[in-house]
Protein chains: 2
Amino acid sequence: MVVDQLSDAELDRLFQAFADTTRRDIMRRVTVGEYSVTGLAALYAMSFAAVQKHVAVLERASLVTKEKRGREQIVRGNHDGLEKARRLLDEYEAIWRQRVARIADILAEE
Amino acid sequence: MVVDQLSDAELDRLFQAFADTTRRDIMRRVTVGEYSVTGLAALYAMSFAAVQKHVAVLERASLVTKEKRGREQIVRGNHDGLEKARRLLDEYEAIWRQRVARIADILAEE
DNA sequence: ATATCCTACAACCAAATGGTTGTAGATCAG
DNA sequence: CTGATCTACAACCATTTGGTTGTAGGATAT
């Protein structure tokens, strides 16, 4: 049963979001703790605007949410996005296993 | 125990490779069956050279291997690459679960 | 031997990416 | 009120990406 069908564009955004070292690091951080955009920016050797863009990429990919708190914007990890990416890779893995099993069957028949 | 440490660049390439619908489709195909580059190219509404480039991206990401057979080049899925990507997402998932467990503990203490 | 098939790769192009600086609107502290 | 802080966003730039066409070389079939 397919609970949640992901569009190609959603998957493109998801994997694209993971395809950058800084963004993967941001994901780690915001999964464990709470960070404002400025708090995140302080961690990297690049401008505030650059980090802001990275957060925006993660947000568009549904990997992160922002919540306004006073003048700050708190960035938090969003479990759903991560799960979607995991699910796709698991799907590939399942296909792979089926194929390996099929080959084993064929060999067993001989 | 960390068996296989992946460099940032490797992970960039891995997720970048997955961040395209055509490439994800090629991955599905070559996981199940055998295809020459021309065989793959026939499946998509784009030039042979474009598909060839997609295969090259998958190859650089260690998701696919090519084997020369006569004048053809057979493209096959490479399980290792897929596993590496899966492992990273599982790692994030584990971090997440730890965090959720920690929050549950804090709440239980009250 | 010649024509055909498969592949590789260069050159080119438009759009996206990852970075920069600068400007401007909210919010908070004194 | 004023100044500092946090954020958003525009404009710009260099590089990469995803596509194209064209050329050339190795393998196959007739």
Side-chain angles (χ1 to χ4, degrees), chain A residues 7-30 33-76 81 85, chain B residues 7-30 33-76 81 85:
Chain A
S7 74
D8 286 339
E10 279 178 306
L11 287 173
D12 286 2
R13 269 179 264 127
L14 249 172
F15 286 107
Q16 181 61 41
F18 273 113
D20 180 278
T21 306
T22 303
R23 287 196 294 266
R24 285 194 302 274
D25 195 68
I26 291 175
M27 274 304 288
R28 266 181 206 286
R29 309 265 190 177
V30 301
E34 273 191 1
Y35 289 85
S36 67
V37 181
T38 300
L40 286 171
L43 301 170
Y44 307 101
M46 66 184 74
S47 69
F48 169 82
V51 174
Q52 200 180 17
K53 279 191 186 181
H54 281 306
V55 172
V57 170
L58 291 169
E59 199 180 11
R60 262 182 283 122
S62 305
L63 281 169
V64 130
T65 59
K66 284 194 296 186
E67 190 193 337
K68 201 163 188 171
R69 195 160 71 190
R71 66 184 151 182
E72 292 186 331
Q73 198 84 260
I74 304 299
V75 182
R76 291 205 186 81
Chain B
S7 74
D8 287 338
E10 279 178 307
L11 287 172
D12 286 1
R13 269 178 264 130
L14 249 171
F15 286 107
Q16 181 62 39
F18 274 114
D20 181 277
T21 305
T22 303
R23 286 196 295 265
R24 285 194 301 276
D25 195 68
I26 290 176
M27 273 305 289
R28 266 182 207 286
R29 308 266 190 176
V30 301
E34 273 191 1
Y35 289 84
S36 67
V37 180
T38 300
L40 286 171
L43 301 169
Y44 308 102
M46 65 184 75
S47 68
F48 169 83
V51 174
Q52 201 181 16
K53 279 191 185 181
H54 281 307
V55 172
V57 170
L58 291 169
E59 199 181 11
R60 263 183 282 123
S62 304
L63 282 168
V64 130
T65 58
K66 284 194 295 188
E67 192 193 335
K68 202 162 186 172
R69 197 162 69 191
R71 65 183 153 184
E72 294 185 331
Q73 198 85 259
I74 305 299
V75 182
R76 291 207 186 79

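Just so we're on the same page: letters track the sequence lines, and every chain starts at 1. Quick note: numbers below take in every heavy atom, side chains included, and nothing from hydrogens, waters or symmetry partners.
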Query raised in the report: Do A:M46 and A:T22 have side-chain heavy atoms sitting under 4.5 Å apart?
Result: yes
Query raised in the report: Want to settle it: does A:K53 or B:T22 sit nearer the 5' end of DNA chain D, counting the closest nucleotide to each?
Result: A:K53
Query raised in the report: Between atom CZ in A:R13 and atom C1' in C:dA16, what is the gap in whole Å?
Result: 14 Å
Report summary line: When rounded to whole Å, the CD to P distance for the pair A:E72 and D:dA4 reads 19 Å
Query raised in the report: Between A:R69 (side chain) and A:S36 (backbone), is there a donor-acceptor pair under 3.5 Å?
Result: no
Query raised in the report: Any idea which of D:dG18, C:dT20, D:dT7 is nearest the A:Q73 side chain?
Result: D:dT7
Query - Rounded distance in Å - CZ (A:R23) to C1' (C:dG19) - result: 12 Å
Requested in this report: Applying side chain to side chain contact (heavy atoms under 4.5 Å, CB included), run through A:Q52 and A:Q73 and close with a yes or a no.
Outcome: CA-CA 11 Å; A:Q52 200 180 17; A:Q73 198 84 260; over 6 Å; no
Query raised in the report: Whole-Å distance between C:dA15 C1' and A:D12 CG?
Result: 15 Å
**Report entry** Spacing of OH belonging to B:Y44 relative to CD1 belonging to B:I26, to within rounding of 0.5 Å
**Finding:** 4.5 Å
Query raised in the report: Think B:Q52 has a side-chain N or O under 4.0 angstrom from the OP1 or OP2 of C:dC9?
Result: no
**Report entry** Proximity to DNA chain D (any heavy atom under 4.0 Å), residues of residues 58-71 of chain B only
**Finding:** B:G70, B:R71
Requested in this report: Provide, to the nearest angstrom, the distance between the CD1 atom belonging to B:I74 and the P atom belonging to D:dA27.
Outcome: 15 Å
Query - Side-chain heavy-atom pair A:R24, B:D8 within 4.5 angstrom cut-off - result: yes
**Report entry** Spatial distance of atom CG (B:L43) from atom CZ (B:R29) [nearest 0.5 Å]
**Finding:** 4.5 Å
Query raised in the report: When you measure from the side chain of A:A49, which nucleotide among C:dG22, D:dT7, D:dT20 comes out closest?
Result: C:dG22
Query raised in the report: Counting only non-hydrogen atoms, which of residues 33-48 of chain B are less than 4.0 Å from DNA chain D?
Result: B:M46, B:S47
Requested in this report: May I ask you to evaluate whether B:H54 reaches the phosphate of D:dT17, defined as a side-chain N or O under 4.0 Å from OP1 or OP2?
Outcome: no
Requested in this report: Find the distance between NE2 (B:H54) and OG1 (B:T21) and round it off to the nearest 0.5 Å.
Outcome: 9.5 Å
Report summary line: Value for OG (B:S47) from NZ (B:K53), rounded to nearest 0.5 Å, stands at 8.5 Å
Report task. State, yes or no, whether a side-chain contact exists between B:V75 and B:K66 at a heavy-atom distance under 4.5 Å. Result -> yes
